[in-house]
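Each chain gets a letter, A, B and so on, in the order its sequence line appears, and its residues count up from 1.
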2 protein chains.
Amino acid sequence: MPDPSQGMINLQWAFALIDGLAGAGISRAVISPGSRSTPLVLACDAHPAIRISVQVDERCAAFFALGLARASGRPVILIATSGSAPAHWFPAVIEASHSNIPLILLSADRPPELHGWGANQTTDQQQLFGSHLRAFHDPGPARAEDAAREQLHRLGRQAAQQALQPHPGPLQINLPLREPLVGDPLQLPAPRPVEPIQPSCPAADPTLLDRALSLINSGPGIIICGATDLGLQFAEAVTRLAAQLHCPILADPLSNLRFGAPDCSTLICHYDAFLAGQAESLQPAWILRFGALPVSKPLLQFMELCTAPVILCDPYGQWPVPAPHTELTLIADPVRLSDAMVARAPTAAPADWLQRFRQLEQRVARLMAPETLDDQPFEGCLVRELLESLPEGSLLFSGNSMPIRQLDSWSGSSTKRIHLHANRGVSGIDGNISTFIGMTDGDYPATVALLGDLTFYHDMNGLLAAQGRDLVIILLNNQGGGIFGYLPQSGLATYETYWNTATGLEFRHTAALYRLGYQRVAQQSAFRPALSRALAEGGAQLIEVVLDRAFSIEQHRHYRQLVNQSLTDDILS
Amino acid sequence: MPDPSQGMINLQWAFALIDGLAGAGISRAVISPGSRSTPLVLACDAHPAIRISVQVDERCAAFFALGLARASGRPVILIATSGSAPAHWFPAVIEASHSNIPLILLSADRPPELHGWGANQTTDQQQLFGSHLRAFHDPGPARAEDAAREQLHRLGRQAAQQALQPHPGPLQINLPLREPLVGDPLQLPAPRPVEPIQPSCPAADPTLLDRALSLINSGPGIIICGATDLGLQFAEAVTRLAAQLHCPILADPLSNLRFGAPDCSTLICHYDAFLAGQAESLQPAWILRFGALPVSKPLLQFMELCTAPVILCDPYGQWPVPAPHTELTLIADPVRLSDAMVARAPTAAPADWLQRFRQLEQRVARLMAPETLDDQPFEGCLVRELLESLPEGSLLFSGNSMPIRQLDSWSGSSTKRIHLHANRGVSGIDGNISTFIGMTDGDYPATVALLGDLTFYHDMNGLLAAQGRDLVIILLNNQGGGIFGYLPQSGLATYETYWNTATGLEFRHTAALYRLGYQRVAQQSAFRPALSRALAEGGAQLIEVVLDRAFSIEQHRHYRQLVNQSLTDDILS
């Protein structure tokens, strides 16, 4: 017969852990329903510093937590019951691991004596996520001794630390719990004071910094700010560095340097359109890389073809293998690194170096003024109008596949600050709605997502969390995986069946199911009014834009040709 | 620059593997869209023995494949692209591992040279599913040499073997592929002849069989057939054994012994209602267990309190740890074991032993004639009418949580064969719709699922596969996780928020989204006509039954009390 005091022992045990986590500055928990996890949920509920969100689908829960952590920069707790429940976290765990997003995964488990002989909802939960975890702990079943509880409290703080430093990411604490599972929260101790962990990033090793500077002083180079938002301070620091070096910054849309940049004189945004075939004519002496790899394929190909040595700033020592041409990896805070380089007064490039990039940028910017035909919705126009319509400081979440590429091609730059985010860790079409909705808890005047139809379908369950929030989802419905239309698979007879895989769903029913405001946009001219209406009305809003895949590809080719023609004319003239 | 012949090398490589798998008798593949997986998809498409199903959501794909494999007993291939895509398989992998269902997981991967430095959609895919796999292989990137391809062909056959024997379950083959990814299927060789693998299960070790029989001959015992359908042959064999031993078979609904049993004289189905508190009065000398643990909590508690030695038939040597009281584990085919026991002519129990169980069974069966009040839908009546309405040989898929417990309580027994299935490996509320739809590809005159509302919500994406199929989903909507209403958590102030977690969704919109026929049943008397209509109309049908949780619990307690009172009267008289 179960010991009735066990319920209280479990609750005190869980509370010690939660208080350790809360004491380190964690304030959010996302739970999914279950019985075995009861002590953990009660402990979170009893803790004044923890705010709980509930999500029935654990996969959505994990991506929602990822969104919360992405917006706040602080670790978020996830709680699920035993069995297959924690396994649903896996896709978000992989994304968090590659995007450096701290998550604390608390998997409730059955105690050891129920393992290995077929007891219900019992499976091996040890290190469920393999190499994708920063750390794994299993403190064993709850113990009544003060010393054991004290140790678990310390483990909470330690775990929060490990989720943030040296490399932010997900970790799992597996918690076997014996029945009974309910205890009395009124008997819990008072929480201890909160002393948030302040993660810090190292300065560059001086010897390596010397080597980097001698490369940089060897000739004119390029700074590439990839698909990571490194913050406003970084934007300022890297802009100062580029100004000093007189070199271009090729800024991925997700670097957020394009939106609200402190100084646009070194900023290059249209490389995706003009860089193909320019590896020889624009050959730099070095490349300095910040953030994740950029989205643009022409830029990636340019980097591959360039023989210039690459200097990589990898703040967390994230990458065990040097990327191609990477001569030097600096494990250093990007702001401190940029400042340290400026302080060494590196040699500026000759005036015409930056000038060549700026001329290309300006010419292409003029050519890439998006226009549509017969009022057909077209991504170029949609992106421009969206960015123009958003209030300063808005959150814009982009789906992978085409939306982020369309933003790359068409965003241009502006002085208005927009916080553009996407799950580029492994660039999945999964969990995008939930990540977005998690991010809407941040402090933004407007929150908008731009998602393709397969991405939208994949995470529809995430819409349950949209209720009671102000947000707009722009669903770019081109009836399937439009990105494959740009790949060789599009020539196959089975292309529609196996690659495009249109769902054929009428998403207005999804809007009805989740009580979203719904507008369908079939003309380009209807888009801006629809967006204004959605933003003005508030609540959760869905705008479905009907796109024609063939037309999109045609337009893409049209503008590519326009740019190529202009560049060729230039060479011939 | 990529080598264009690489596309053909990839395709030949993939075809060698698929032909190896097909040659072993595999005929189904479930794919999700992606680019990296192209050679695998083309190879499946080119293979005449392989039939492909497409599912956009990899989580649904995996549970759908699990359903196909559950219905056919044959391994099913799963294909996904690189990145987080294969991670969505994890919940189904855990279920398959515990339910002994063979799955061949083919994860397309980026080649080694793209790993470890942030290349897009690249993550560590080695042994993604840890201890939940039967085997893991990574043959490396495609090679052009005949010998290498021949070796991969052999690996295909070997993998099919490993997914079936000695312990059926999931395995992963990770397949790094270099660009370009498209090759010409017309240049592929002819498939080799199919020689299906015929898995076999061992006979019991003779010494252990002797020990089992000496236990069985020591006094009257009980046979428990748990939550696993071991087939018609087993039903006959174990019934012969029980007849010879003159002992009761306590048959879980998922054993399928209750429906179409060859001889009902030893069959006991109402133990869930009468067994509580009977561990002393019905103490057996031994328990012989087949299949997974039963669903019934009173039966599990009875087994825990009984001091009788348990003999467990574990055909695959699945359990590393002996379950409580398990004196002897026989790794043996259940049919051969039953037959071998009968052949040894074991001692029959005294006549009154079986008689006591039969009297209880009959008395409780009379008391458990379900009736409702004011025409309110009630699970007891729903289960009875459902089982009466289904044609002989139908598939009935049950959700976990309450549906399977209601079936346990109310199914009774009948001579009509029904194939009742559920995901009882880890008993999750996940992937139930997809598993069910996968199973509908089997040969059944009607296919019906009985699912709670949280279970239904969790896997709504799975409904995309319902189009074009004949199936009926009965959604028991009691607004949340009704099972928690039976647990101590139901007394907590936060019960509704953290445990019941009602979604508040109006599922008629789900029906509209997925183009399901829809009927809403709010009176018990409307249920049978609605079911008849749905079965007669064909296509994919949803019947939403509106249940009142409080009423269900009340009725549950009413019938428990009725039975308890009757048993107490019996003791007093």
Side-chain angles (χ1 to χ4, degrees), chain A residues 31 33 35 38 41 45 54 56-57 59 83-85 87-88 90-91 94-95 98 115-121 123-124 127-128 130-132 180 182 292-293 319-323 426-428 430 454 457-458 460-461 464 481 484 487-489 492 494 497-499 501 503 505 509-510 512-513, chain B residues 31 33 35 38 41 45 54 56-57 59 83-85 87-88 90-91 94-95 98 115-121 123-124 127-128 130-132 180 182 292-293 319-323 426-428 430 454 457-458 460-461 464 481 484 487-489 492 494 497-499 501 503 505 509-510 512-513:
Chain A
I31 69 161
S35 178
T38 294
V41 173
D45 187 54
V54 178
V56 172
D57 182 338
R59 182 168 75 174
S84 57
H88 292 268
F90 202 4
I94 292 178
E95 176 60 30
H98 286 273
H115 277 268
W117 50 271
N120 196 30
Q121 287 189 327
T123 190
D124 178 10
Q127 310 203 40
L128 280 174
S131 62
H132 305 274
V182 176
L293 281 173
W319 301 117
V321 174
V426 282
S427 305
D430 46 358
L454 291 191
Y457 162 74
H458 209 289
M460 282 195 297
N461 272 9
L464 192 56
F484 297 115
L487 300 180
Q489 285 87 337
L492 295 167
T494 48
T497 312
Y498 300 143
W499 285 274
T501 62
T503 62
L505 297 175
H509 299 299
T510 305
L513 179 64
Chain B
I31 69 160
S35 178
T38 294
V41 173
D45 187 53
V54 178
V56 173
D57 183 337
R59 182 169 74 176
S84 57
H88 291 268
F90 202 3
I94 291 179
E95 177 59 31
H98 286 273
H115 276 267
W117 50 271
N120 197 30
Q121 288 189 327
T123 191
D124 177 10
Q127 310 204 38
L128 280 174
S131 60
H132 305 275
V182 176
L293 282 173
W319 302 117
V321 174
V426 281
S427 304
D430 46 358
L454 291 191
Y457 162 75
H458 209 289
M460 282 194 298
N461 272 9
L464 192 55
F484 297 115
L487 299 179
Q489 284 87 338
L492 295 166
T494 49
T497 311
Y498 299 142
W499 286 274
T501 63
T503 62
L505 297 175
H509 299 299
T510 305
L513 178 65

Item checked: Residue pair B:R59 / A:H88: nearest heavy atoms and the distance that separates them -> NH1-ND1, 2.9 Å
Given side chains that start at C-beta, do those of [X] and [Y] come closer than 4.5 Å, heavy atoms only?
| X | Y | answer |
| --- | --- | --- |
| A:L464 | B:T503 | yes |
| A:Q489 | B:V41 | no |
| A:M460 | B:M460 | no |

Strictly distance-based, threshold 3.5 Å: is any side-chain N or O of [X] a donor or acceptor partner for the main-chain N or O of [Y]?
| X | Y | value |
| --- | --- | --- |
| B:D430 | A:A85 | no |
| B:D124 | A:H132 | no |
| B:Y457 | A:N461 | yes |

Need one label for [X]: side chain, backbone, both or neither, based on atoms under 4.5 Å from any heavy atom in chain B.
| X | result |
| --- | --- |
| A:T494 | side chain |
| A:L492 | side chain |
| A:L513 | both |
| A:P320 | both |

Can you tell which part of [X] gets under 4.5 Å to a heavy atom of chain A, answering side chain, backbone, both or neither?
| X | value |
| --- | --- |
| B:F484 | side chain |
| B:Q121 | both |
| B:P91 | both |
| B:A292 | neither |

Check: Given the options A:L505, A:L454, A:V54, which has more heavy-atom pairs under 4.5 Å with chain B than any of the others?
Finding: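 The answer is A:L505.
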Next item on the list: Against chain B, work out which of A:P488, A:S131, A:G83, A:G481 has the most heavy-atom pairs shorter than 4.5 Å and name it.
Entry: A:S131
Check: Considering residues at least two apart in sequence or located in another chain, which fulfil the ring pair (Phe, Tyr, Trp, His ring centres under 6.0 Å) criterion with A:H98?
Finding: none
Item checked: Pairing residues for B:Y498 by the ring pair (Phe, Tyr, Trp, His ring centres under 6.0 Å) criterion, not counting sequence neighbours -> none
Notebook entry, point to check: Of the listed residues (B:T510, B:D45, B:I31), which shares the most heavy-atom pairs with chain A below a 4.5 Å separation?
Noted result: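 Highest number of pairs under 4.5 Å: B:D45.
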